[in-house]
Amino acid sequence: MEGLDKDQMLKMYHEMVLIRRFEETCKELYHQGKIGGAYLHLYSGQEATGVGALTAIRETDHVITAYRDHGIALLRGLDPGAVMAEMFGKRTGVSGGKGGSMHLADPTKRFWGGYGIVGGHLPIATGIALKVKYMHEDDIVLSFIGDGATNNGYFHEALNLSEVLEVPIVWLIENNLYGMGTRIELASGQPELVKRAIAYGMKEGPRVDGMDVMAVYNAVQEAAEYARKHGPVLLESLTYRFDGHGMSDKMYDKRTDELKEWHAHDPITRLRDLLCKQYPDIGPTLEATEQAVEKTVTDAVTFADESAIPTYDDLLSNIYV
Amino acid sequence: MEGLDKDQMLKMYHEMVLIRRFEETCKELYHQGKIGGAYLHLYSGQEATGVGALTAIRETDHVITAYRDHGIALLRGLDPGAVMAEMFGKRTGVSGGKGGSMHLADPTKRFWGGYGIVGGHLPIATGIALKVKYMHEDDIVLSFIGDGATNNGYFHEALNLSEVLEVPIVWLIENNLYGMGTRIELASGQPELVKRAIAYGMKEGPRVDGMDVMAVYNAVQEAAEYARKHGPVLLESLTYRFDGHGMSDKMYDKRTDELKEWHAHDPITRLRDLLCKQYPDIGPTLEATEQAVEKTVTDAVTFADESAIPTYDDLLSNIYV
Amino acid sequence: MADKKISMREALRAALHEEMVRDDRVFVMGEEVGRWDGTHKVTRGFFEEFGERRVIDTPISEMAIAGSAVGAAMAGLRPVAELMTINFAFLALDAIVNHAAMQHYMFNGKMTVPVVFRAASGWGNQATASHSHTPEPIFAHFPGFYVACPSNAYDAKGMLKAAIRDENPVLFTESIALYPKPGSVPDDPDFLLPIGKSDYKRRGNDVTIVAYARGVDWALEAAGMLEKEGIQAEIVDLRWLRPLDLDLVFESFKKTNRCVIVEESLPHFNVGSEIAAQIQEHLFDYMDAPIKRVSALDVPLPFAKEIELMALPDAHKVVAAVKEVLK
Amino acid sequence: MADKKISMREALRAALHEEMVRDDRVFVMGEEVGRWDGTHKVTRGFFEEFGERRVIDTPISEMAIAGSAVGAAMAGLRPVAELMTINFAFLALDAIVNHAAMQHYMFNGKMTVPVVFRAASGWGNQATASHSHTPEPIFAHFPGFYVACPSNAYDAKGMLKAAIRDENPVLFTESIALYPKPGSVPDDPDFLLPIGKSDYKRRGNDVTIVAYARGVDWALEAAGMLEKEGIQAEIVDLRWLRPLDLDLVFESFKKTNRCVIVEESLPHFNVGSEIAAQIQEHLFDYMDAPIKRVSALDVPLPFAKEIELMALPDAHKVVAAVKEVLK
Ligand SMILES: Cc1ncc(C[n+]2csc(CCOP(=O)(O)OP(=O)(O)O)c2C)c(N)n1
Ligand SMILES: Cc1ncc(C[n+]2csc(CCOP(=O)(O)OP(=O)(O)O)c2C)c(N)n1
Ligand SMILES: [Mg+2]
Ligand SMILES: [Mg+2]
């Protein structure tokens, strides 16, 4: 396909399967009480958006997202064990057990998190892009945005400022149709979210099928090149969340039919079918991938399980530099 | 002209002259130290927007604006003496001397103020319109918006919410090209502000010549009818501020050429010329109007001057109901 | 009418329900208050019962939720705007303080803003730093509105109904940890508790423990432990931080001459500091020992449960503080 | 290098200017900071000198100004974001607290946020309720950042330079009334004052007056009046509310056994309450009299000058309070 060879497609398949298994495992562990807390937001169903987008940018580009961040963290190469340990609230977690599921990050990998306040990360993205421009660097920032977040003041101010400052940034809306239980039509006067680019005189990217990893890849690659040269772009990926908003979601129980429809577009199945069609003898490789993922996830859980819990000293450390 | 007879046009002329003289007088009084404080925002130059808009709606409709509110207050029939007394910080002021220039209001006349926090009044406008719909009333809300305010989170959230709730409201942007000293191109990624309606799936009204009171009148009348039947409309009036943002404005001193150009479109002169063309013998009536305005303003100043200052009891009153 | 034993969540729900039945102008708005039944289920079933005119699901727009509730209130309605959690009320600080609390005064009484902002508050469920604030004292700093902090189902119902009927803006905080806590509650539809009145939650002569919201439970638990050692604590529940009623605190302190203040908030510039300052100012001659404050530690709240709990107050910390002041 | 007598405005300008010259990563952003020279002229001439790369005029977007400054700081720059006045910082509370102050902790040290938020603060110029806040104590409530409140040109320069060089977020408040106030200031480009160190502004043995920002002037004026009556006041300027350094306060109180706290903020849940609470807790046996607080009255600030001034603290109110504690 468009500029992607077999290995790259296999890599994407591997990543999507890893995210899915990781999330399914988190869910089980939450219900077993191994993972605690009020918040656990899973990425299942939306893998194609994260995988397609991150495959399309450079490793040196910056990435930021909201609290639905497990998948993005894994894609940025954060160690699955350390990510799982964060869910467990262990010392070995990527945030030392202090940030939890919503606050995963690794600046050395240019992944800036992981934010729980809806919209709060958007001006941060603008600021990181401002640094890139200020330092005459040639990176871009890729910022994910939830559909619900587009109705918050942060969205408006952050996007307008990015356009005014002409900073290199790709704003990628992950439109999964819901903000918690509220459907997009009830929350946004303009349900075609990508049109909001007009309000900022911003380059309006396409609205892509977010269940098709190739479509996302191509759109983000184009947008990234544009952003590197000219400034902000707004993209929209139409996707769907296979799980509830968090671990309890009244609406989730109500949308079984809708779920069925969307499962028919499962981005993983779609990529799998595509691979099998293009490479008829690829079956064993895919199974090997799936087994490898199993092991990665099991090892991650074991690591998290066996890791130590934070101490009183940890409680008091890193409040100030 | 479009549905306006001579008396109505004379009334508009009277109102525009009154506002201009009132503002010129405020400026003198500020420099004389009669009016004190950090803030005094004049409406000179923008009269056509206020006069055209308020002539186009019903007396029973609701009106709200920001801190540049003297003109709107007068148009809503607040007593010029009580308005001037507020500038003086007197007990007899419309807000008892507690609100000052930025906080004029009279709910009995359905004028809700007068707000100093940029954008702060916009959700309030949405809320008032929500009440109208909730009570099945047939009024609308007319809310003025500064061009600079359109870049604030309040604007985004308030307009989107008004569309989602489908409340009867006319959003009228007074685009005078500047927010304090910042020109619109430096503040807004989309300088054609009325286009921001698209971000909310909102009815996009025209962008009118804000120095032409008739153009404003016609646009707002149409918008009001639409709002009454269907919901929010966004309009933009292209106008200009003949004075500085407030009493000190570095940019003001820099824009002498621009000022000259805009003075050529003085909305008062334009209406005067129009009247003289249509009614060749109207000269004496206009002079009478101007004299009447002189007296109104002088009386207002005298009233304000002779009014008592607030007392310690006033300081402590009306903190709670 | 008989009392019923229900959770604080149900008591709040009953209060809202009764007021909505009583007065058509009362309505609820906020994120997920309708179809989702409210994040904390306080508005369970309201959407089905009252419909979308009076149960309004909003976008994620805290500034506009608070600001439009202010506008609706000014215009004659009685909005109960839910900010989901008080953490998100940070985004509405300007709307709450500058546009609700200051409004009546700035326009010298020409406008009233009978709005209630409901917000779940408090930490202890691994919600992490940005989602675990208990910032009641920073809101109570400002005049022009009221701040409610009920500690149980009975108070919650009477206070919320009073808040809805009052003409002033009210920030009504609800401690998340207390939602499930059962208590007996009158079902008299006109059961109201006066705004700004504190309440004795326990009588005793040895020490005064001042608390509010969740702090009251820690105080009661501590009082139980202390009783075994023959120490009788008197507990004053402030109920409201604005107006702040210290009559009972002073009355009790004149008797016990010793005081501990318990709260879930951060340790500095908090409720305890205000009360300690007032006691030493007004009752200096009655002081037999320094007043102690028990609060959270001065840290952003971490995710890991074990250390999160270390950062929180608890009954043992209250007992230790009481023993200090009894030294 | 010799000292120069300049206004606090000029001292702040010099601090910013020196740091921008010293470090290319330092830049200013905010509403009107560039072409307009800054609403309070602290960045006068910067736009012409440094250009639009380092002097960024922004839209009226407080959430994004604060939030993008946080992002730029995380990524390696040293932003000085001006929020024009602290009233507008209400709109940035979430960005300042949840995204600047909590950031370093939530990610366990992986991120640093060396940002400075500058905001003009205080009332007394008929700015009315919504534009006259002095809410320093509500910001100081939260851990994870610093809160600066200089009282004069010398301190302002040394404190701002230290704030810019520090790795932690700082909310730097500037009392509007103090901008024109002259003081002698070192022009050593490396003149820094330590973060979180309070300072004696006057020595005396009879009473300790604790103040910060504009309160220090009222304290000094009062001390002058008291001296005529043979009363020697010792004045401690807190300089910072976070970290809150009470070493000198305690040292002084041990000597004077009497204390008055002076501040421009509202009377409840304020700085005075925290300090009174700590003194009575830690120095109970040294207390010869109740500690008094002098602050603004508990009212939204009105426009009319006459009553506005009644609501403000002044030297006479400080003198009266001192006489109370000396009774
Ligand atoms: C400012 C703020 N308001 C409310 C919330 C509660 N909340 C958490 S997630 C969420 C929905 C966000 O939906 P969306 O942006 O579409 O992201 P998605 O969950 O679909 O990935 C809400 C309302 C919050 N965390 N922050
Ligand atoms: C939230 C907020 N930020 C900043 C200010 C300071 N300020 C007052 S008026 C103004 C400019 C507003 O411009 P615009 O909306 O175009 O209205 P105009 O003055 O042109 O009528 C600014 C930045 C404020 N009052 N409120
Ligand atoms: Mg969504
Ligand atoms: Mg303007």
Side-chain angles (χ1 to χ4, degrees), chain A residues 35-40 67 85-91 93 95-103 115-120 146-156 179-184 186-189 245-246 248-252 254 309-319, chain C residues 30-41 44-45 47 52 56-67 84-85 87-88 90-92 94-95 120 122-133 176-177 266 296-312:
Chain A
I35 295 177
Y39 305 113
L40 185 68
Y67 47 83
E86 191 60 36
M87 312 284 162
F88 278 58
K90 297 297 185 79
R91 293 199 80 206
S95 300
K98 292 176 176 177
S101 158
M102 303 196 294
H103 302 107
Y115 293 86
I117 298 293
V118 166
D147 51 283
T150 66
N151 300 309
N152 189 276
Y154 267 129
F155 171 86
H156 183 65
M180 286 186 74
T182 305
R183 249 194 100 89
I184 183 158
L186 291 168
S188 177
H245 164 69
S248 87
D249 180 339
K250 178 185 167 193
M251 293 301 124
Y252 180 70
K254 291 190 170 179
I309 60 173
T311 65
Y312 185 73
D313 289 348
D314 295 325
L315 171 65
L316 302 181
S317 70
N318 290 320
I319 299 170
Chain C
E31 294 157 25
E32 308 301 330
V33 296
R35 294 159 182 86
W36 179 288
D37 283 340
T39 316
H40 298 98
K41 306 299 171 198
R44 185 177 40 79
F47 186 77
E52 63 186 351
I56 303 174
D57 279 320
T58 67
I60 306 167
S61 307
E62 285 75 16
M63 301 168 91
I65 293 166
M84 191 176 283
T85 81
N87 307 287
F88 315 141
F90 283 25
L91 291 153
D94 175 71
W123 56 9
N125 192 15
Q126 298 187 255
T128 74
S130 63
H131 282 55
S132 300
H133 295 289
I176 294 175
L266 291 159
L297 298 185
D298 196 28
V299 299
L301 209 69
F303 172 74
K305 176 147 234 75
E306 299 78 6
I307 55 174
E308 179 189 33
L309 292 177
M310 293 177 190
L312 278 168

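This one's a predicted model, so the numbers in the text were calculated from it and none came from an experiment. Reminder, nothing fancy here: chain letters follow the sequence lines and each chain counts from 1.
When each of Thr128(C), Leu91(C), Asp298(C), Leu301(C) is checked for heavy-atom pairs under 4.5 Å with chain A, Thr128(C) comes out on top. Counting heavy-atom pairs closer than 4.5 Å to chain A, the top-ranked of the candidates Glu62(C), Glu32(C), Glu306(C), Lys305(C) is Glu32(C). Interface check for chain A: of the options Pro302(C), Ala129(C), Pro300(C), the most heavy-atom pairs under 4.5 Å are formed by Pro302(C).
Partner of Pro59(C) under the side chain to side chain contact (heavy atoms under 4.5 Å, CB included) criterion, chosen from Asn152(A), Thr150(A), Asn151(A), Ile184(A): Asn151(A).
Contact annotation for Phe90(C): neither backbone nor side-chain heavy atoms come within less than 4.5 Å of a heavy atom of chain A. Looking at Ile176(C), neither its backbone nor its side chain comes within 4.5 Å of chain A, counting heavy atoms on both sides. Proximity to chain C (any heavy atom under 4.5 Å) is restricted, for Thr311(A), to the backbone atoms N, CA, C and O. No part of Tyr115(A) comes within reach of chain C, as not one of its non-hydrogen atoms sits under 4.5 angstrom from that chain. Interface residue Tyr312(A): backbone and side-chain heavy atoms are both found under 4.5 Å from chain C.
Closest of all the heavy-atom pairs between Ala304(C) and Gly89(A) is CB-O, 3.3 Å. Between Ile307(C) and Leu315(A), the shortest heavy-atom contact is O-CD1, 3.5 Å. Smallest separation of non-hydrogen atoms from Phe303(C) and Glu86(A): CE2-O, 3.3 Å. Contact detail for Phe88(C) and Ile117(A): the closest heavy-atom pair is CE2-CD1, 3.9 Å. Residues Lys254(A) and Arg35(C) come closest through the heavy atom pair NZ-O, 4.3 Å.
One distance of note links CG of Asp57(C) with CG of Leu186(A); it measures 7.0 Å at 0.5 Å rounding. Separation of atoms CD (Gln126(C)) and CG (Leu40(A)) is listed at 11.0 Å; rounding is to 0.5 Å.
Counting only heavy atoms from C-beta outward, the side chains of Trp36(C) and His245(A) approach each other to under 4.5 Å.
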